[in-house]
Amino acid sequence: MTSFQSTLGEESGIAEELAENQQSISIAEFFEKNKHMLGFDSGARGLVTAVKEAVDNALDAAEESGILPDIYVEIQEEGDYYRLIVEDNGPGLTKDSLPKVFGKLLYGSRFHVREQNRGQQGIGISAAVLYSQLTSGKPAKITSRTQGSSEAQYFELIVDTDTNEPEISVEETTSWDRPHGTRIELEMEANMRARQQLHDYIKHTAVVNPHARLELREPQEHFKFERATDQLPEETEEIRPHPHGVELGTVLKMLEATDSHSVSGFLQEEFTRVGTKTANSVIDAFRDRHYGREMRWRPPASHESIDIEAAATDATANKGADATDAFAKTIADAVADHDRIAHHELREIVADAADAVETEHGTTFGETVQENALEAVWLALLDGAAVDDGAAIDIDPESRLVTDLYELADEATSTRKDDAVVRAFAERLAGTFADAAAEDVRQRLTRGTLEERVDRAAELTEEYDDVAFGDTARENVVEAIWDVMGTVPDEPPLVRELSDDRDAASDLVDGMRATDIMAPPTRCLSPISADLVEAGLEKEFDADFYASATRDAEVHGGDPFVVEAGIAHGGELDAEGSADVLRFANRVPLVYQRGACATTDVVKSIGWRNYGLDQPGGSGLPKGPTVIMVHVASTNVPFTSESKDAVANVPEIEDEIELAIREAARELKSYLNKRRSMQQRRKKQNVLGTILPEMAQKVAEVTGRDEPDIGDALARIMNNVLVERRVEQNGDGQAVSVTVENNAETNESLEITDIVSAEPTALPDDATVVEMDGEWFLKWEPEVGSDDEATLEYVVPDDASFELDVKGVETEKLTIQQ
Amino acid sequence: MSADNDQARDQLIDLAAQFYDQFELGEIPHMSVPTRTKANIEYDEDSNVWVYGDRESTRSANSVRGARKLLKAVYTIEFLAEQLEEDRSSTLRELYYLSESWDNDEAQFNDQDESNSMIEDLEIVSGVTREDFHMRPEESGATIMGPLHLREQTRRGEREIHCQEDVGEGGYQIPNNPDTIEFLDTDADFILAVETGGMRDRLVENGFDDEYNALVVHLKGQPARATRRITKRLHDELELPVTVFTDGDPWSYRIYGSVAYGSIKSAHLSEYLATPEAQYIGIQPADIVEYDLPTDPLSDSDINALESELEDPRFQTDYWEEQIELQLEIEKKSEQQSLASHGLDFVTDTYLPERLDAMGVL
């Protein structure tokens, strides 16, 4: 891997530009000009950005050392200024690295790495330092303590705005209560108008970093977010780019920079998921595009008058009759063995025949002899004849080319096409092959040329025969012919040739895209995982329902990415207004530019009514108590700007965002449907629950009998699961039976606990009993099919009392008759 | 309480007991009644009337709607049983208003159609007629004029009435339950059932009942059950031929249909109400042409009604198919009174004698 990789991708262009700017103007001037891009365009925003950059850095620092992050953020009012303090429990920094990390713009260990990380450009925290210095004139105050050291180091750091060089102005040892970590104190011109965004940022960070403990203390409020898991995100590894995701410009740069000489070596060295086999597939695809394929014709069948042997014999002079005959016969036999044959295959046959005959007869068949034989046999196959400067092929309806192409076209077009029309078309197409033979007798052509030829022949057919020869028919014919054509054996150009040949490089890129290649490895990514997405949401949002989905890794621009989505609904979430969309990139909450973000666009484009949410007008953000969360993890998240506020509209990423959201939304839908049907059931139950007893009472009045028992009827009406106890006196004890009657349409698994005040006996095998404080807990877990029954029977002494507890069935669906 | 009342009451209470048993057996309470639509009536070869077929609708407590219906049924049963016990009667409309006084909101009827239909359900399921429940329609007001002597059992004692001599020009008013009447004597030769009041008055004024010994029964549009019942009894007991005289339009053919074949809504009582031997006098579509009567064009709804009658099993006879198709062809209809275009006496002097003669009644 060359260091060149660092300048790949769209953002690198801007980064290079930034770096160049630094040379011509002072850093302060540069910052002033670019602060909007860096997220420091207002005092309110600047504070949030500074918090964000400092926290991102702190999280990364701790995670990289395998420490569960514990981060403390404090904002203090300081006269006209605000003081920001961020403390982490990371490994701490050494004196050497510290000024670079905090002081020099564009320094960062991550900038050159294809690996998922929060900060990607190395601009963030140093920009915050600079912002603080420029607005307050105060140095950044940094305390750091490395693991195991007994004392902490205290530094004051300022950036020389002329040279962009950090300088440590104060350095002393101090004591600090954290055993290791870093504390940074920045004073800056700011205000708290963006308080809400600040809270959101911290809260959302807690959602996507369930392994982190966060604390925020600002002048008015104080929040603590505890961990939901002790599991650190998996460590990520650096990977090479994936062939499906690189663009031509990138490939050209890579070609220039690589140490490989061959294309195969280049592919295997510089890309992930490419071995010899895949490299060969890519090179074949490149050959098809760059050189074209050669048409493979059928060798003559036995009834045909073409005599390959004679043609070869005639073309060979002065080699002795036996050797010539053997040479010609070997060629003819080899040709006959082929189902179809291309020029380069014939060349090989001729060469092999020459070798074989030379071994046997001692006669050398030199290059010229071979060429002559090749040409003669090839033209014989084509029904053509040699002329002065190439070959001429006359096409008549009986010629071999026509017959061959007719068979292919006939097979490829619909049976409704008139035979004569297909034949006329084949004749015209054969004509184009014959014409081309004058220039290249090898019949070598690219797919594009083949398409042109088929088009021309089809158009002529339409014109003269007055029939339709549509696009589908043309495509099918092209496909059929292209299929029988053979990839040429030409050596691909060397890497250094390719790097100068834009067209050839473009063919290589096309070939890379067309080849099936395994998806990139995901060890460079660290998705949160569906479970922890849910845990994070549960931790910070008090909802009734949570769902999440993690997609498989995909590629964009050579960078793998994973999209995750989570949905929380109901409960204490705000029912008024639109759903909240929480956007994350590499575990960093995006709080600004919501409208410019691909995530928001995708959420708005989904038809939420399908998923049971309210969506006025059928588009836009859904209404109601819903939180939708999307996390894009990638080695290179494409942002719309350097301030990293919004994910750019990259189609591959948008597709995955949509699929992830839909996956989670499907769960939401089935939850909402179920809830709705439970509501209806409850409503029906409420109404019937009043009507039926009244009816029963009335029926009893009219008939003059006691009120009938309606529990069973009610259970049946509600398609309910009925659990019913019957007790019978049985001499000196009671025989108890508990019957489960499933009137529902689905199978039900119940967990029934019968709490009995005396010891039950004569239990069946599938029931267990445990005694606790004079009560017997009888557990029975039957599975009862739709419209089926199960019964538990046992015996207890006379004076026993019972209590049934049933789980596994929704209360709405359950009727218990004790 | 009479024996009849006892029986009706027992049958109602049996119905309630059925619901009771269903509850006890853990079944979903339900009752099944024949579907009361055109598609579910069929010709009964034995009695020559149209009765319900096999299709049934189930009122089941499985749904909220069905449960409400059954609750109302039980309340209605209670009310009817009490009414029978006290030997009182009420009208269908009274039942509807009375339900408002029931202690249970869910049991109250939403409109009179619902209570009427409930009574029909109960009639069918219990096998007791509405009259035996002591339920009456609001008004009947239909009358008879003609040489008939009868005895009526009224709440105020027996009355012997001659339907020409003891009544005014309005005629004898048919009571709600004609089964309380005993026919004593008659000089009548046939029954002439007339649709409209105007024509009935014309016939009486012209003395048609007297001259031809006709019992003129005023149908007052679609005839009430009592009118159909008395017509049936007059036919069966006094062996009088029945003729029906209505306007010449599709709605009037249905009036004839319910006299002769029974109505769709009361097909369970067809045997009791319908007179299959009743003959149709007119106005026939053929008469419109023959007598050159003043006409109105058929409206769209008339045409729909005629087409629907072509599919009605009751009208699938050669005679009716021919008449209805002729009418669809001439696209005209005429009222009974249009005969007046040939003079006020034309109907009694010419039209009816000619038609009755042609039908073999005179």
Side-chain angles (χ1 to χ4, degrees), chain A residues 677-726 737-745 787-789 791 812-818, chain B residues 6 8-31 58-85 99 101-110 118 122 125-126 128 133:
Chain A
S677 98
M678 280 300 155
Q679 270 171 352
Q680 281 167 354
R681 179 185 282 274
R682 214 174 299 136
K683 205 173 140 197
K684 182 175 168 184
Q685 214 156 20
N686 285 345
V687 177
L688 289 183
T690 52
I691 290 181
L692 289 185
E694 284 164 359
M695 178 174 165
Q697 191 191 342
K698 214 40 158 184
V699 169
E701 269 175 50
V702 173
T703 54
R705 304 191 214 170
D706 291 339
E707 249 180 78
D709 176 8
I710 64 167
D712 290 15
L714 201 58
R716 212 163 267 170
I717 290 169
M718 299 313 301
N719 296 329
N720 268 3
V721 177
L722 175 71
V723 181
E724 191 173 25
R725 181 202 305 282
R726 283 180 217 278
S737 69
V738 175
T739 303
V740 177
E741 184 186 306
N742 184 4
N743 296 299
E745 280 154 17
D787 275 334
D788 211 351
E789 285 193 356
T791 305
E812 288 88 349
K813 286 177 73 178
L814 186 66
T815 310
I816 302 178
Q817 305 257 318
Q818 297 260 17
Chain B
D6 261 353
R9 188 173 167 276
D10 288 350
Q11 270 164 296
L12 280 170
I13 288 174
D14 277 354
L15 194 56
Q18 204 177 308
F19 293 143
Y20 187 97
D21 294 341
Q22 287 166 349
F23 270 128
E24 277 289 290
L25 287 171
E27 286 175 15
I28 301 172
H30 63 276
M31 70 181 188
T58 302
R59 320 268 189 257
S60 160
N62 210 349
S63 67
V64 169
R65 238 184 81 163
R68 284 208 180 101
K69 210 157 222 169
L70 291 186
L71 182 69
K72 289 172 192 184
V74 179
Y75 268 82
T76 310
I77 287 170
E78 186 191 35
F79 163 73
L80 293 174
E82 273 173 21
Q83 171 167 292
L84 287 168
E85 203 154 349
S99 76
S101 73
W102 290 344
D103 54 3
N104 192 326
D105 286 354
E106 298 278 10
Q108 293 169 5
F109 293 110
N110 297 320
M118 174 60 71
L122 292 178
V125 177
S126 67
V128 180
F133 291 158

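On a predicted model such as this, the values are computed, not experimentally measured, just so you know. A, B, ... follow the sequence lines: proteins, then strands. Residue 1 opens every chain.
- Neither the backbone nor the side chain of B/Ser60 comes within less than 4.5 Å of any heavy atom of chain A.
- The side chain to side chain donor-acceptor pair (under 3.5 Å) check on B/Gln108 picks up nothing, with sequence neighbours excluded.
- A 4.5 Å side-chain heavy-atom check between B/Tyr20 and A/Asp706 finds at least one atom pair inside the cut-off.
- Contact check for A/Lys683 versus B/Val64: no side-chain heavy atoms found under the 4.5 Å cut-off.
- Judged purely by atom type and a 3.5 angstrom limit, B/Glu24 uses its side chain to pair as donor or acceptor with the backbone of A/Asp709.
- Both the backbone and the side chain of B/Leu71 come within contact range of chain A, judged by heavy atoms closer than 4.5 Å.
- Counting only heavy atoms from C-beta outward, the side chains of A/Glu707 and B/Phe23 never approach each other to under 4.5 Å.
- Interface check for chain A: of the options B/Ala107, B/Ala61, B/Ala73, the most heavy-atom pairs under 4.5 Å are formed by B/Ala61.
- Here the closest non-hydrogen pair linking B/Ala67 and A/Ile691 is O-CG2, 3.7 Å.
- Applying the side chain to side chain donor-acceptor pair (under 3.5 Å) test to B/Asp21 and every residue at least two apart in sequence or in another chain returns A/Arg705.
- Put simply, the residue from A/Gln697, A/Lys698, A/Glu701 that forms a side-chain contact (heavy atoms from CB on, under 4.5 Å) with B/Val74 is A/Lys698.
- Proximity to chain A is limited to the side chain of B/Glu106, based on heavy atoms less than 4.5 angstrom apart.
- Residues A/Val702 and B/Ala16 approach most closely at CG1-CB, 3.8 Å, considering heavy atoms.
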